[in-house]
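Quick one: the structure is below, questions incoming.
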Number of protein chains: 2
Amino acid sequence: MKRRENLIPVYYRLAEDIKHQIESGVLKDGDLLPTEAQLGEQYAISRMTVRQGIALLAEAGLIETVKGKGSFVTRPRLNQLVIDLKNSGASADPLRYKLLHVNLIRNNQKLTNELGFIGETNIIVVKRLMLRGQLPVAIEEKFLRYQKGKPLLETQLEYADFPELVAKHQDSVPVRNDMIISVASLSSEQAKLLEANELLPALVVKQVIYSREDKPLGVSIMVCHKDRFELTATSYPLSGRL
Amino acid sequence: MKRRENLIPVYYRLAEDIKHQIESGVLKDGDLLPTEAQLGEQYAISRMTVRQGIALLAEAGLIETVKGKGSFVTRPRLNQLVIDLKNSGASADPLRYKLLHVNLIRNNQKLTNELGFIGETNIIVVKRLMLRGQLPVAIEEKFLRYQKGKPLLETQLEYADFPELVAKHQDSVPVRNDMIISVASLSSEQAKLLEANELLPALVVKQVIYSREDKPLGVSIMVCHKDRFELTATSYPLSGRL
DNA sequence: GAGTGGTCTAGACCACGTC
DNA sequence: ACGTGGTCTAGACCACTCA
């Protein structure tokens with residue numbers, strides 16, 4: 001009905017309107033929104049357009065729609081936090097990487113089992129040091145299935161992040177990354193690399209990247225200096241603003 | 001065009017088709033999808049329906065659409081991992097909570113500043129012990145602005161999770177939860193509560209819940225026994241299956 | 001200017017939930 | 001039976017990109 005009037009889409013304005021009503025408390029947790037037909041009438045727009053706005057709110061986790069009943073206001077899912085590895089631990093200074101070594105390990109049954117690399121004989125181990133300025137902040141050890149004809153380029157080893165490295169080195173398409181965050185004490189070797197005291201507590205971040213068939217393609221273990229690296233997460237930098 | 005034929009929506013089938021093409025490697029990172037008009041013709045469906053399928057793939061992070069150009073295959077965002085506090089650290093046995101104490105602290109300027117509770121005079125402190133079976137796994141300390149007329153119910157204190165507690169106790173609507181994951185050594189008091197040795201490394205999870213105006217509404221600090229609690233995260237339990 | 005995705009319409013039928 | 005959201009259509013115009 002109303003066409004130009006502004007540069008931003010009508011469904012977006014509708015979604016923002018409702019969002020503000022929720023965040024200001026006019027609409028409370030559990031409240032029922034007007035029906036799509038009613039909203040269409042109020043805003044003088046077609047129902048499909050209303051649905052586009054509704055979909056935006058549902059994506060952002062502000063409402064939940066139930067077939068046959070209606071759309072309900074829900075508390076935002078503050079229980080779900082997103083870790084963005086691209087930014088996590090990155091303060092003002094960006095991180096630098098220093099390649100320590102790359103090894104090919106053959107026929108090590110024990111390691112193969114530990115990694116879950118069933119049926120694999122050759123494993124590539126990449127060890128890198130992460131630094132901020134001159135200060136070492138973490139040790140990163142990566143394990144990959146050896147893939148013939150997929151050489152690891154020096155630049156990738158130095159600069160690529162873990163999921164990217166796996167994607168570039170594997171024929172199988174990586175589809176999932178599972179992470180376990182735990183704590184350990186620095187071994188003497190780790191302490192030396194991090195220029196810290198032995199037995200100092202350390203953050204341990206383990207990642208396993210899987211293919212569609214749930215076959216592990218790569219494993220990464222980061223050991224982080226407790227005072228020089230923090231993981232951060234936030235509930236929903238989800239989707240397009242709103 | 002084709003109406004019943006199956007119970008699952010047409011746009012969903014289209015999305016799955018393309019998804020399988022991506023995951024099997026037929027479509028590779030950076031490839032351009034057919035145009036919406038072409039897909040509509042191929043599947044004999046209307047363009048709006050094609051767009052619904054495309055939107056699903058974009059939401060899942062499998063493709064990216066660019067106005068005026070087309071839809072491109074992208075590597076799934078394995079760099080973004082989701083922590084689900086409802087499940088994290090929950091193995092076979094569910095967690096139990098034991099309320100240690102609830103205090104009201106008045107006019108403690110230092111604490112108020114540390115928490116970022118500007119303009120607040122009264123702060124509620126809730127301390128809980130988390131157990132699995134008989135074993136203490138973590139200490140949880142929560143700080144809330146005192147809210148007149150919003151009493152904290154015993155059941156909430158014992159069973160509610162942190163975001164829920166804040167939502168129930170605040171008039172302002174909580175919209176964001178930021179988390180910092182770090183490491184520390186157990187103090188003697190903490191060690192005693194966790195039935196562990198002093199100075200043992202511990203996982204520290206700090207959460208701050210904000211209102212729309214970025215005013216902190218609540219702070220939670222969890223100190224976890226290193227061998228009894230792990231945080232887990234995964235890249236994309238996102239949205240509806242697919 | 002040709003081609004793409006982005007927005008929007010005014011209808012339609014369906015499946016589900018409630019009464 | 002009725003109201004709700006879910007799916008789908010066959011058009012239309014717009015904004016953007018690229019040659």
### Query
Within this structure, what is the CD-to-P distance between B/Gln52 and C/dT7, rounded to whole angstrom?
14 Å

### Task
Would you please confirm or rule out a distance under 4.0 Å between OP1 or OP2 of C/dT7 and any side-chain N or O of A/Thr49?
no

### Query
What integer distance in Å separates B/Ile63:CD1 from C/dG5:P?
10 Å

### Query
Rounding to a whole Å, what distance do you find between A/Glu41:CD and C/dA10:C1'?
14 Å

#### Entry: Of all pairs that satisfy salt bridge (charged side-chain N to carboxylate O under 4.0 Å, His left out), the ones with a partner from residues 32-41 of chain A, not counting sequence neighbours
A/Glu36-A/Arg47, A/Glu36-A/Arg51

### Task
Using five base pairs at each end, measure the axis-to-axis angle across the helix from C/dG1-D/dC18 to C/dT18-D/dA1 and round it to 10 degrees.
10°

### Task
Output all residues satisfying side chain to side chain donor-acceptor pair (under 3.5 Å) with B/Glu23, sequence neighbours left out; order by chain, then residue number.
none

### Task
Could you tell me the separation between the CD atom of A/Glu64 and the P atom of D/dG6, rounded to a whole number of Å?
11 Å

### Task
Only counting residues at least two apart or in another chain, list the ones meeting salt bridge (Lys or Arg N to Asp or Glu O under 4.0 Å) with A/Lys168.
A/Glu164

### Message
What is the distance, to the nearest angstrom, from the CG atom on A/Leu14 to the P atom on C/dT7?
### Response
14 Å

### Query
Partners of A/Asp31 by salt bridge (Lys or Arg N to Asp or Glu O under 4.0 Å), sequence neighbours excluded?
none

#### Entry: NZ/A/Lys150: more than 12 non-hydrogen atoms of other groups inside 6.0 Å
yes

#### Entry: For A/Arg176, all residues meeting salt bridge (Lys or Arg N to Asp or Glu O under 4.0 Å), sequence neighbours excluded
A/Asp178, A/Asp214

### Query
A/Arg47 has an atom CZ; how far is it from atom C1' of C/dT7, in whole Å?
18 Å

## Note on the structure
Scanning both residues in full, the closest heavy-atom pair of A/Ser182 with B/Glu230 reads CB-CG, 4.2 Å

### Query
Between D/dT7, D/dT9, C/dG5, which one does the side chain of B/Met48 approach most closely?
D/dT9

### Spacing of B/Phe72 atom CZ relative to D/dC16 atom C1', expressed in whole Å
13 Å

### A/Ser46 side chain near C/dG11 phosphate (N/O to OP1/OP2, under 4.0 Å)
no

### Query
Does any pair with a residue in residues 64-76 of chain B pass side-chain hydrogen bond (donor to acceptor under 3.5 Å, both in side chains), and if so which ones, sequence neighbours excluded?
B/Asp29-B/Arg75

### Task
Would you indicate, yes or no, if C/dT7 has its OP1 or OP2 atom less than 4.0 angstrom from a side-chain nitrogen or oxygen of A/Tyr11?
yes

### Query
How long is the line joining CG of A/Leu39 and P of D/dT4, in whole Å?
11 Å

### Message
For B/Lys127, give me all partners under salt bridge (Lys or Arg N to Asp or Glu O under 4.0 Å), at least two apart in sequence or on another chain.
### Response
B/Glu189

Could you list all N or O pairs between the protein and nucleotides 1-4 of chain C that sit under 3.5 Å apart?
| from | atom 1 | to | atom 2 | distance (Å) |
| --- | --- | --- | --- | --- |
| C/dG3 | N2 | B/Gly68 | O | 3.3 |

### Task
Check whether any side-chain nitrogen or oxygen of A/Arg51 sits under 4.0 Å from OP1 or OP2 of D/dG6, and answer yes or no.
yes

